[in-house]
Amino acid sequence: MERTVSEQEREMKEAIRRANGSPDKTGNIRRGALNRVIDSINSPYPSLKILAAASIHNFFKDFPGLQETAINAVYDLCEDQDQDVRIAGYNAILAISKSENKWIRRNADVLVQLLQSDEPREVVVVKKALVAHLDMDPKITLSVLCDQIIPPDDIIDEEEKAIRDYLRSLVISFLTTEAKRAIVERHALRDSEAEEVIINGALSAISKCGFDDVKTLITDLLLSLAAFRTRSTKGDALVQALLQKATFCLQRDLQVKTLETSRPYIEYTRFLVIEKQLSSLANLLQFYFGTLLNKVTQVQSQPREDQLWIVCNVADCATLIEDDNSQDELALTKWRKRVVDCCPYALEILCDSIPADPRSLKACRAFLDTCVRYKNMPNTTIPSTLVEVLKTVSTRLRESGPVEDGDGLEKLIMQILPSSPVNATPSQTQVVPNNNDIIQAPAMLNTKRSFVLRRSNDTAAPQRTWNATGPQRHDRAATVNTPAPGLPKRNLPFEASSRPVKRVKNTNQEESSSAVPSLLSRMESPTPRPPRHPIHTNRPNSPRPPLRTERNDGPPPGGWSIKGAAKTTMADSATPARSMTVSAPPSLLHRLGGGRSS
């Protein structure tokens with residue numbers, strides 16, 4: 001006759017009472033009680049299963065040979081049809097781990113799997129059991145949890161991949177909520193083993209998890225740890241892991257011409273470095289200049305919005321470089337040079353959006369500030385390609401109308417652009433000589449231009465010789481109206497004359513005397529000869545240079561003229577000190593007939 005459930009419960013309780021009272025911990029009484037508990041787990045009655053689950057931990061530690069059978073029986077309880085039985089199984093796992101710590105890892109792994117339960121009541125019990133395992137052995141329990149957030153490399157089955165992805169999200173949620181307080185306040189203390197486990201697990205997960213999981217894990221858990229409250233080597237390691245993931249995603253993004261996967265990692269890393277100050281700015285700068293802008297040809301193929309975003313981020317870093325007091329002079333020079341080298345590309349991108357986009361204006365000013373500081377450093381030069389871009393930006397600022405801080409940007413551009421040499425061109429109207437020019441004027445006439453008036457008692461016309469090395473208009477202009485030192489200042493009537501200066505061929509005096517005919521021979525000739533020294537009528541009107549005589553007494557009051565030259569010569573010889581009165585020139589017959597006797 002089969003015994004009733006109540007009778008079986010009464011007998012099993014009696015066996016457990018006797019085993020607990022036995023002084024021999026490994027004796028047959030206790031062994032028999034354990035076997036009876038294991039058998040009850042396989043009973044069809046839930047009440048017996050619950051009783052067995054609540055008692056099995058009392059005998060588990062004393063009989064190592066039966067532990068495997070006993071633990072498997074407990075795991076079966078966790079998959080029972082009855083919810084109360086399953087919850088009893090969860091509690092049994094926790095009790096066994098407390099009695100025998102060597103089962104903590106295995107039991108924690110089972111509890112992690114049980115997070116997938118659809119029953120909220122059961123999930124609460126499982127999470128409490130996991131927190132209790134953290135308290136028992138935080139290092140082992142955290143390593144089990146971290147193993148679940150790192151996807152394996154050999155998953156081929158899509159269904160299995162989906163299950164693991166779902167479980168990973170559950171574990172991350174548990175770590176950042178129910179387990180967070182225990183981890184942060186009690187276990188993952190600075191330089192502890194638990195801290196090392198959770199940090200290493202998170203860094204390993206970054207390379208394989210999606211961005212949302214990575215961001216949640218870092219923001220809601222790691223940043224709460226003592227190791228990340230100040231800048232440290234652990235912060236540098238975290239930033240490096242994120243930048244490595246960004247680099248991996250960037251290689252794929254550049255091929256498809258979008259920054260969809262890499263941009264979130266870059267932005268979040270920038271947040272950690274700039275806002276949270278977890279790591280040195282050099283790590284982020286090295287990524288921008290060594291990885292991102294190093295592929296500028298590929299970056300230029302990206303959408304304009306993505307390029308503008310990259311440039312503005314680099315500008316923010318350029319500003320932080322100047323504010324970073326930890327940078328030594330050598331490092332500061334290196335980073336400034338890198339910023340200046342990328343300025344042609346960056347300013348070209350910013351040029352189109354400068355008038356309307358405040359962030360572009362801010363980025364433009366940051367680049368120009370760095371260029372000014374770099375130019376003012378010793379032994380530095382601005383790239384020639386940057387000069388042309390700066391001119392384009394300046395033009396853009398002027399054409400776009402009123403721009404916020406436009407004048408400030410223009411001033412910065414003028415400080416960067418090399419100063420253009422001023423081309424000294426002589427004045428077309430008047431040259432005001434300085435004192436040195438006035439002193440040197442006579443010497444210039446003697447060496448550059450020599451105009452000698454030869455006077456004699458014969459009837460020949462005065463002979464003039466002008467030796468010049470070439471037209472030196474600015475020299476002549478500088479010496480007009482400037483008498484030689486020691487000579488009286490005279491009002492020369494030909495200064496306002498518009499007649500061009502006659503040029504005489506440069507020959508010696510003997511050749512000139514024989515080549516130039518007399519006035520009478522020229523008049524008696526039946527055919528008029530062309531002038532030996534034609535007047536250049538195409539020369540612009542300019543004042544004549546002052547003439548010097550052999551006696552250095554200046555020109556006559558009426559100015560030099562071929563008219564009445566013979567008469568003037570003889571009269572000059574007879575009465576050199578006589579003052580001459582300018583009158584209307586006599587006729588040709590009068591000069592030929594009576595000019596000599598007067």
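Bear in mind that the values here come from a model prediction, so they are computed numbers and not experimental data.
- Taking a 6.0 Å sphere around CZ of F248, one finds it holds 12 or fewer heavy atoms contributed by other residues, nucleotides or ligands.
- Around the CD atom of E68, the shell of radius 6.0 Å holds more than 12 heavy atoms that belong to other residues, nucleotides or ligands.
- When the shell of 6.0 Å around CD of Q302 is examined, it contains more than 12 heavy atoms from other residues, nucleotides or ligands.
- Taking each heavy atom of P151 and R168 in turn, the nearest pair found is CG-NH1, 3.3 Å.
- Here the closest heavy-atom approach between residue A92 and residue V74 is recorded as CB-CG1, 3.7 Å.
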Working note: D220 + K180, criterion salt bridge (charged side-chain N to carboxylate O under 4.0 Å, His left out); need CA distance, chi angles, decisive distance, verdict. CA-CA 8 Å; D220 296 338; K180 179 178 178 179; 5.6 Å; no
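- A salt bridge between K102 and D137 is absent, with no side-chain N of the basic residue lying under 4.0 Å from a carboxylate O of the acidic one.
- Heavy-atom contacts from other residues, nucleotides or ligands closer than 6.0 Å to NZ of K334 number more than 12.
- Of the candidates V144, L111, V125, L111 is the only one forming a side-chain contact (heavy atoms from CB on, under 4.5 Å) with L130.
- Shortest non-hydrogen contact noted between I199 and A227 is CD1-CB, 4.2 Å.
- Annotation: side chain of T392 is in contact with side chain of C351 (closest heavy-atom distance under 4.5 Å).
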Assess the residue pair T26 and D62 against the criterion (side-chain hydrogen bond (donor to acceptor under 3.5 Å, both in side chains)); give the C-alpha distance rounded to whole Å, side-chain angles, the decisive distance to 0.1 Å, and a yes or no. CA-CA 6 Å; T26 58; D62 299 331; over 6 Å; no
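- In this structure, the side chain of T319 does not engage the main chain of A366 through any donor-acceptor pair within 3.5 Å.
- With respect to R31 and D24, no salt bridge is recorded, no charged nitrogen being found less than 4.0 Å from a carboxylate O.
- Here the shortest heavy-atom pairing between E195 and I198 reads O-CG2, 3.2 Å.
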